[in-house]
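Heads up: the structure comes next, in structure tokens.
Note that the structure is predicted; figures quoted are calculated from it, not measured. Start at 1 and go down the list; that is how both ligands and their atoms are numbered.
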Amino acid sequence: MMEEVVPGKPPEYALKNVLCVNCHSNTDRDTIKILGGVRVPVVYNSVKPVKPLSGGNFYYVAKDFGDRRGHNVEGIIPPGANLRGTPPGYDRESDPSIIGYNSKKPLTCAGSNGCHGNRNVGDPFTAIMGAHHADDSPVDGITTAKSYRYLKNTNKIKGVLGMEDEDWERNSSPKKHNEYPMTINNLCASCHGDFHSKDKVGKGSPWFRHPTGVTLPKSGEYMNYNPDVSPPPDRPDIRIYSLGAPVARETIPESVSDEVNPGKDIVICLSCHVAHAGPYESALRWDYDAMISGEEGKGGCFICHTGKAE
Ligand code: HEC
Ligand code: HEC
Ligand code: HEC
Ligand code: HEC
């Protein structure tokens with residue numbers, strides 16, 4: 001689709017992206033709003049949200065916290081401020097999109113410069129066309145509607161699978177949450193390929209690159225995953241799922257599980273990051289600086305790196 005750029009006017013894709021943002025925003029603290037009798041998942045509250053959804057909340061990039069707390073999406077942070085160019089670690093070869101990421105344009109919700117829908121289409125609305133009113137189950141990745149949270153990447157490849165919590169994790173617990181497959185990493189890798197490829201992982205600069213897509217070993221400290229919560233006496237061999245460091249499943253279970261099984265479950269980008277934005281730098285689930293300086297001895301990295309061998 002051709003884009004018409006009229007001097008002095010925002011380009012078409014920008015106007016359309018604002019429509020996604022507006023419908024998925026709220027001026028009060030609730031993260032699910034009702035519009036025409038339909039529940040809308042809210043990803044951007046203009047005041048501090050209560051119970052942010054699973055992706056976090058763009059409140060934290062829109063406010064005066066700097067732009068390091070998540071994805072700077074067009075229509076949420078002021079024009080200009082969100083143009084940070086190429087995604088960190090972008091590797092064209094890991095991006096299946098024909099168009100590719102255009103660093104001269106801002107990040108949008110959907111389309112070639114976005115995460116949702118078909119990234120072979122520039123226009124955010126066309127990219128997720130039909131998904132909203134379609135029957136979206138089962139989640140088989142064949143269409144955008146039937147991909148986990150409309151995460152399809154491109155029409156040629158299978159969309160992300162997963163189990164969608166019906167409240168988008170507004171009221172989540174170890175027994176009630178989304179279930180992720182390892183392939184959700186590929187979605188992130190399409191714009192951050194260098195964070196994903198095995199040979200680039202390690203402690204080397206410029207960024208901390210943690211092994212991703214690896215199985216939680218069935219040995220040593222990992223056997224004690226989520227040390228704060230002991231497994232019930234009738235299931236001594238499992239660990240309890242932590243919302244502070246979610247893991248992916250080899251295969252998506254039939255129903256949500258509160259178990260984590262070292263030797264099976266997998267580290268993903270979302271074990272440490274939220275997809276949208278959150279209260280901490282680098283869109284992390286916790287305060288990394290406090291953690292490495294030893295101010296915080298619990299949670300975060302220590303959910304997996306328990307330092308204790310059983
Ligand atoms: C369509 C491309 C695209 C996809 C897909 C994408 N990102 Fe990003 N990401 C960006 C861009 C552009 C930036 C840099 C500007 C910004 O912060 O918004 C960025 C920045 C980031 C940052 C740094 C944020 C900061 O401000 O320090 C993290 C962390 C991140 N992405 C993680 C992820 C994860 C995890 C996924 C998968 C769930 C993902 N990204 C998927 C484009 C993308
Ligand atoms: C008129 C309001 C409206 C607009 C505009 C809108 N949405 Fe939505 N969106 C909704 C509602 C309502 C739902 C929840 C219903 C559902 O899950 O089908 C939803 C659900 C979603 C979901 C979650 C799907 C899931 O599996 O739970 C995503 C992702 C999404 N929208 C993305 C977008 C993007 C990207 C755009 C812009 C291209 C957009 N929306 C524009 C109302 C809107
Ligand atoms: C075990 C935790 C962990 C996992 C898993 C992880 N990251 Fe990170 N990531 C971090 C930390 C910690 C930082 C901040 C590093 C720093 O500030 O030095 C970071 C930073 C980033 C940044 C920001 C770089 C910048 O320029 O600011 C991006 C982008 C990113 N990660 C993407 C990813 C992607 C994509 C994946 C999955 C392929 C992933 N991360 C998996 C912990 C993790
Ligand atoms: C979801 C679980 C999980 C979380 C959270 C986690 N790690 Fe890891 N970490 C692992 C696994 C699994 C390995 C790989 C172990 C193996 O293969 O032997 C690993 C390996 C490492 C390594 C060895 C690096 C290498 O290249 O092999 C370092 C260092 C590390 N983690 C640091 C961190 C830090 C710092 C954090 C917090 C920012 C963190 N981890 C959070 C699971 C996790």
query: Would C272 count as a contact for atom 8 (Fe) of ligand 3, in the sense that one of its N, O or S atoms lies under 2.8 Å from it?
result: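 Checking C272: none of its N, O or S atoms is under 2.8 Å.
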
Flag [X] as yes when one of its N or O atoms lies below 3.5 Å from any N or O atom of ligand 1, and as no otherwise.
{"X": "R68", "result": "yes"}
{"X": "N72", "result": "yes"}
{"X": "H273", "result": "no"}

- prompt: Are R235 and D258 ion-paired here, with the side-chain N under 4.0 Å from a carboxylate O?
  reply: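 Salt bridge: yes.
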
Enumerated ligand 1 atoms positioned under 4.0 Å from heavy atoms of [X]:
{"X": "P88", "result": "13 (C), 14 (C), 19 (C), 20 (C)"}
{"X": "L187", "result": "5 (C)"}
{"X": "C269", "result": "35 (C)"}

- prompt: Once you round to the nearest 0.5 Å, how far does CD1 of I77 lie from NE2 of H71?
  reply: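 That separation rounds to 12.0 Å.
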
field: CD1-CD1 distance between I238 and I240, expressed to the nearest 0.5 angstrom
entry: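 It is 4.0 Å, given to the nearest 0.5 Å.
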
query: Can D67 and N72 be said to form a side chain to side chain donor-acceptor pair (under 3.5 Å), step by step?
result: CA-CA 7 Å; D67 71 346; N72 308 338; 3.3 Å; yes

query: Okay, side chain of S97, backbone of R119: is any donor-acceptor separation there less than 3.5 Å?
result: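 At least one qualifying donor-acceptor pair exists.
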
Contacting atoms of ligand 3, where contact means under 4.0 angstrom from a heavy atom of [X]:
{"X": "H192", "result": "29 (C), 35 (C)"}
{"X": "C188", "result": "35 (C)"}
{"X": "Y288", "result": "12 (C)"}

field: Contact check: H71 to atom 8 (Fe) of ligand 1, N/O/S below 2.8 Å
entry: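 Checking atom 8 (Fe) of ligand 1 against H71, an N, O or S atom does fall under 2.8 Å.
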
query: Is ligand 1 under 4.0 Å from a heavy atom in the side chain of D67, in the backbone, in both, or in neither?
result: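 For D67, the contact with ligand 1 is made by the backbone alone.
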
message: Please confirm whether I268 approaches ligand 3 to less than 4.0 Å, judged on its heavy atoms.
response: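 Contact present.
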
- prompt: Would you say S282 contacts ligand 3, with heavy atoms under 4.0 Å as the rule?
  reply: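 Contact present.
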
message: Show me, by chain and number, every protein residue that has a heavy-atom distance under 4.0 Å to ligand 2.
response: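 Heavy-atom contacts below 4.0 Å: L19, C20, C23, H24, V38, R39, V40, P41, C109, A110, H116, P124, F125, I128, H132, R149, Y150, E164, W168.
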
- request: For atom CG of D64, decide whether the heavy atoms of other residues, nucleotides or ligands shown that lie under 6.0 angstrom number more than 12.
  value: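 Not buried by this count: 12 neighbours or fewer within 6.0 Å.
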
- prompt: Going only through I, L, V, M, F, W and Y residues with side-chain contacts under 4.5 Å, is there a path from L216 to Y241?
  reply: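 Yes, L216 connects to Y241 through the hydrophobic network.
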
Would you check if there is a donor-acceptor pair between the side chains of [Y] and [X] at a distance under 3.5 Å?
{"X": "N45", "Y": "D28", "result": "no"}
{"X": "H177", "Y": "E169", "result": "no"}
{"X": "N171", "Y": "K51", "result": "yes"}
{"X": "N178", "Y": "S54", "result": "yes"}

Residue pair V21, E74: steps toward the side chain to side chain contact (heavy atoms under 4.5 Å, CB included) verdict: CA-CA 9 Å; V21 171; E74 165 81 13; over 6 Å; no

field: salt bridge (Lys or Arg N to Asp or Glu O under 4.0 Å), paired with R249, selected from E179, E254, E259
entry: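 The passing option is E179.
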
